[in-house]
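See below for the structure under consideration.
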Amino acid sequence: MSESARADARQQDGPPSFADLGLPATVLRTLDEQGVTTPFPIQAAALPDALAGRDVLGRGRTGSGKTLAFGLGLLARTAGRRAQPKEPLALVLVPTRELAQQVTEALTPYAEALRLRLATVVGGVSMGRQAAALRDGAEVVVATPGRLHDLIGRKGCRLDRVRITVLDEADQMCDMGFLPQVTEVLDQVRPDGQRMLFSATLDGDVDHLVRTYLREPATHSVDPSSGGAVTTIEHHLLVVHGPDRWSVATEIAAREGRVLLFLDTKHGVDQLTRHLRASGVPAAALHSGKAQPQRTKTLAQFKNGEITALVATNVAARGLHVDDLDLVVNVDPATDPKDYLHRAGRTARAGRSGTVVTLVLSGQRRETGQVLADAEVTAKTTKVRSGEAELSRITGAKAPSGKPLDGSPAASRAKNQNTPFRGLGSTKDPKRAAGSGTGSGSGSGGRASRKTNEARKLAEARKAARVRRGR
């Protein structure tokens, strides 16, 4: 039966299964073990072409299943081959460390089933370990452009045997200034190899990549070409009074269940995180200023529920997949339609529903409204204040416990006072009160005073000795 006949038959019989798409039996068994039973539309559309070795241009909103759409075809076509040291056979290029980690985690079960070795090459962690993994021989490398560029420059990796190259979220790589590194990579891989480009949006410099490096690509798009807004997301603009903004954000963060809060700057993220923890909310910060092991640990804690409020910059707007995350909050409104859509895409993944809330001051309503209009998003506008029932109805907001968590400045102050019930300068501990100095509550004032007295006595003794010797 021809491919077109098989496609007609699948149309008549309903959505195809993974077996219909031509995947190896080993991969089919692993899909079943992972509980992945039915292909998403982008997977059903793109996998036959990926398995056939065609260049693929795929567009699907974030959370639509693009990773398996390119990953299963890449792994199946690489199976049975062995890489030489420093010479991978397939490459997946992504813009961020978090997305690299997510792609690696998603593909690992299938790579192991096919006896393929995966290596992850990203910044923020030991380059020596990554170089060692490449020396040991890795058939598939998942990499960010900057670190891969560094390893190639140090002769730790060669790309001339790469037969399959995938660019995931190519538009973000271009937006982040990685276009020179991306073109450098594409110039080094095998010119007769397969190239696949997947992204939630395809515009700007991505057009140049498509025209220059893809040969008659099979094009698949499972969303409207202009935007990518998800119909299962409910959007809200909450107009807040300026001084009330953080109180509203804190009450939302204290809700039952997890919440992802976005701010524009690393400083703002750290500041809000400290405030939330001091208010009793299990919160953690995620931004580019954090070391990679710390970022990995924070994401793991958020996914397992140990952390319920993740406060992040746009570093988490792509590459972060958390099951059943039903609320995203823009504490700082997004100023770009694509940023808004990618932030929003952290919820309502895999066809589920979710809510996206944007906090705006009165003076921000027009600008933010235009951003949402450009993103083809319709949001309901509501004026709210902290403690109001309407805020709770929309977001599940509630008053935080007010009990500082370990690691917050308030908790540290309470710990240094021996008891959380004694305020600063309390006279119930005479020794601490006498040595408190300016009332910092840290206990360092008493120690400093004792050291000063001892130094004064020592100086006086030395002076007396000099006087005696001069007599």
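Computed from a predicted model, the values in this text were never measured in an experiment. Values below: all heavy atoms of this structure, side chains included; hydrogens, waters and symmetry mates excluded.
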(request) Answer yes when Arg245 and Asp332 have at least one side-chain N-carboxylate O distance shorter than 4.0 Å, and no when they do not. (result) yes
(request) Among Thr358, Leu391, Val360, Thr381, find the residue that satisfies the side-chain contact (heavy atoms from CB on, under 4.5 Å) test when tested with Leu238. (result) Leu391
(message) Salt bridge or not between Arg81 and Glu139? Use side-chain N to carboxylate O under 4.0 Å.
(response) no
(message) Could you check whether His275 and Thr250, counting side-chain N and O atoms only, form a donor-acceptor pair closer than 3.5 Å?
(response) yes
(request) Could you tell me whether the side chain of Thr335 reaches within less than 4.5 Å of the side chain of Glu367, counting heavy atoms only? (result) yes
(message) Would you say that Glu390 contacts Lys383 through its side chain, given a criterion of any heavy-atom pair below 4.5 Å between the two side chains?
(response) no
(message) Does either side chain, that of Gln194 or that of Arg77, offer a donor lying less than 3.5 Å from an acceptor on the other one?
(response) yes
(message) Quick check: do Gln172 and Thr96 have side-chain heavy atoms less than 4.5 Å from each other?
(response) yes
(message) Once salt bridge (Lys or Arg N to Asp or Glu O under 4.0 Å) is applied, do any residues pair with Asp32, and if so which ones, sequence neighbours excluded?
(response) none
(message) Holding to side-chain contact (heavy atoms from CB on, under 4.5 Å), I want the full list of residues that pass it with Ala106, two or more places apart in sequence or in another chain.
(response) Thr67
(request) Describe, in one word, how the ring planes of His208 and Tyr213 are oriented to each other, choosing from parallel (under 30°), tilted (30 to 60°) and perpendicular (over 60°). (result) perpendicular
(request) Look at Asp336 together with Lys338 and state whether they make a salt bridge at an N to O cut-off of under 4.0 Å. (result) no
(message) Distance check, rounded to the nearest 0.5 Å: Arg59 atom CZ versus Ile42 atom CD1?
(response) 9.5 Å
(request) State plainly whether the residues Asp136 and Arg129 are in salt-bridge range, i.e. N to O under 4.0 Å. (result) no
(request) Please determine if Lys398 and Glu256 form a salt bridge, counting it only when a charged side-chain N lies under 4.0 Å from a carboxylate O. (result) yes
(request) Using side-chain contact (heavy atoms from CB on, under 4.5 Å) as the criterion, list what pairs up with His149, not counting sequence neighbours. (result) Gln181, Glu184
(message) Can you confirm whether the side chains of Asp270 and His287 place a donor and an acceptor under 3.5 Å from each other?
(response) yes
